[in-house]
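First up is the structure itself, then whatever we jot down about it.
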Amino acid sequence: MRLSIEHLTTYRYDELARHSTQYVRLTPKSSARQHVLDWQLDMPAAPLVSTDGFGNVLHVLTLDEPHRSISIRAHGEVEVLDEDREDDDDGLSPLVHSRFTRLTRPSAALTEFAHQYAVQPGLAGMEKLMAEVLAHMPYTPGSTHAGSTAGEAFALGQGVCQDHTHVFLACARLTGRPARYVSGYLYSQDDHHVASHAWAEVWLDGIWHTFDITNQQCQPRNHLKLAVGMDYLDACPVRGVRYGGGPESLHAVATVERLASEHTTDDVLRRHAPGTGHDFCGGFPHQCRR
């Protein structure tokens, strides 16, 4: 399946920002499951390009002159294979993904829940856990924010894909299974789904297995991976810090098209995410302001 992606992220500030630095993870890598055919990032200045500690492609955009807005456009074409293949890892020991972070640290209630539903071994246990997480936390846009922890979202009993993934990661790690956060895009003909997405991967039987809690899917045939990490903060598409600027607004639009051939399109999925962007299921945090 050949996908065309267009993703525009724009931050606007009420006052002049004197300086800003953005850490951008919006470039996919080719792997056993996806082949990057063409990909470009359009930014207001030339970024530094590197690889972060999890093997993600990282662009660092620094603006030293006063500015009131920042626009970042990612676009390209990727072939996602409609078959099961062992995915590439991040080059780290899976055990690195066994520790908790601030966003995935379990509460007492979440700990009890994890041991209740994840005692069954192997894939069957993880699939049961995936179903129970969504049953406990129905997908509810606007119910949480970018900084909500797994414990907070679990107590609330609702959330978006970021929250589902954090809760699932906490449960998997509680039961001794390394698990990592994945950000990316989802292709779907269902208008209720958004294009920017997050899901989990768990290390079982020597490979990483996909668990899309929000959509109850274990086959990543409609998923395009951007970045991985311990939690959302490691893999989020854009994260930054700025001096000045005052209050900000965020507008994000992602379009995922399935290409029937090189020059024609047969399906389109489009979603808009005004405001903080957290309902735009991949999530975008406010920029840290100093």
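By convention here, the first residue in the shown sequence is residue 1.
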Side chain to side chain contact (heavy atoms under 4.5 Å, CB included) between Arg239 and Leu233, worked out: CA-CA 8 Å; Arg239 182 185 181 191; Leu233 293 177; 3.6 Å; yes
Do other residues, nucleotides or ligands put more than 12 heavy atoms under 6.0 Å from the CD atom of Gln216? yes
[Y] side chain reached by [X] side chain, heavy atoms, under 4.5 Å:
{"X": "Tyr185", "Y": "Leu3", "result": "no"}
{"X": "Leu16", "Y": "Arg18", "result": "no"}
{"X": "Arg33", "Y": "Leu81", "result": "no"}
{"X": "Arg180", "Y": "Val96", "result": "no"}
{"X": "Leu169", "Y": "Phe211", "result": "no"}
{"X": "Met230", "Y": "Thr104", "result": "no"}
{"X": "Tyr11", "Y": "Val238", "result": "yes"}
{"X": "Arg221", "Y": "Val80", "result": "no"}

Short question: side chain of [X], backbone of [Y] - any donor-acceptor pair under 3.5 Å?
{"X": "Gln34", "Y": "Lys29", "answer": "yes"}
{"X": "His209", "Y": "Leu204", "answer": "yes"}
{"X": "Arg173", "Y": "Ser98", "answer": "no"}
{"X": "Ser183", "Y": "Ala198", "answer": "no"}
{"X": "His166", "Y": "Asp231", "answer": "no"}
{"X": "Arg99", "Y": "Thr101", "answer": "no"}
{"X": "Arg177", "Y": "Cys171", "answer": "no"}
{"X": "Arg68", "Y": "Asp14", "answer": "yes"}
{"X": "Lys225", "Y": "Ser31", "answer": "no"}
{"X": "Trp39", "Y": "Leu26", "answer": "yes"}

Might you point out which heavy atoms bring [X] and [Y] nearest each other, and give the distance in Å?
{"X": "Ile213", "Y": "Ala200", "answer": "CD1-CB, 4.2 Å"}
{"X": "Ser20", "Y": "Ile70", "answer": "OG-CD1, 3.4 Å"}
{"X": "Ser148", "Y": "Leu103", "answer": "O-CD2, 3.7 Å"}
{"X": "Leu63", "Y": "Ala45", "answer": "CD2-CB, 3.8 Å"}
{"X": "Thr10", "Y": "Ser71", "answer": "OG1-OG, 3.1 Å"}
{"X": "Leu174", "Y": "Ala114", "answer": "CD1-CB, 3.7 Å"}

Within one Ile-Leu-Val-Met-Phe-Trp-Tyr cluster: [X] and [Y], side-chain cutoff 4.5 Å:
{"X": "Met43", "Y": "Ile5", "answer": "yes"}
{"X": "Ile72", "Y": "Tyr13", "answer": "yes"}
{"X": "Val228", "Y": "Phe100", "answer": "no"}
{"X": "Met1", "Y": "Val256", "answer": "yes"}
{"X": "Leu41", "Y": "Leu250", "answer": "yes"}

Listed by chain and number, what are the side chain to side chain donor-acceptor pair (under 3.5 Å) partners of Asp212, not counting sequence neighbours? His197, Asn215, His223
Applying side chain to side chain donor-acceptor pair (under 3.5 Å) to His59 and not counting sequence neighbours gives none
Separation between [atom1] of [X] and [atom2] of [Y], rounded to the nearest 0.5 Å:
{"X": "Tyr243", "Y": "His19", "atom1": "OH", "atom2": "NE2", "answer": "6.5 Å"}
{"X": "His164", "Y": "Gln158", "atom1": "NE2", "atom2": "CD", "answer": "9.0 Å"}
{"X": "Ser143", "Y": "Glu152", "atom1": "OG", "atom2": "CD", "answer": "12.0 Å"}
{"X": "Leu224", "Y": "Glu79", "atom1": "CG", "atom2": "CD", "answer": "11.0 Å"}
{"X": "Phe168", "Y": "Met130", "atom1": "CZ", "atom2": "CE", "answer": "7.0 Å"}
{"X": "His115", "Y": "Thr175", "atom1": "NE2", "atom2": "OG1", "answer": "7.5 Å"}

Could you walk me through whether His251 and Val253 pass the side chain to side chain contact (heavy atoms under 4.5 Å, CB included) test, one step at a time? CA-CA 7 Å; His251 183 70; Val253 181; 3.3 Å; yes
Test Arg2 against every option in Glu77, Glu257, His35 by the side-chain hydrogen bond (donor to acceptor under 3.5 Å, both in side chains) rule and name the one that passes. Glu77
Intermediate values then yes/no, side chain to side chain contact (heavy atoms under 4.5 Å, CB included), Thr214 and Trp199: CA-CA 8 Å; Thr214 305; Trp199 59 94; over 6 Å; no
Over 60° means perpendicular and under 30° means parallel, so classify the ring planes of Phe113 and His136, tilted if in between. tilted
Assess the pair His97 and Tyr181: is the distance between their ring centroids shorter than 6.0 Å? no
Apply the test side-chain hydrogen bond (donor to acceptor under 3.5 Å, both in side chains) to residues Ser196 and His7: give CA-CA distance (whole Å), side-chain angles for both, the deciding distance (0.1 Å), then the verdict. CA-CA 9 Å; Ser196 185; His7 190 169; 5.0 Å; no
Under the side chain to side chain contact (heavy atoms under 4.5 Å, CB included) criterion, do Arg25 and Leu226 qualify, and how do the steps go? CA-CA 7 Å; Arg25 295 174 177 85; Leu226 280 176; over 6 Å; no
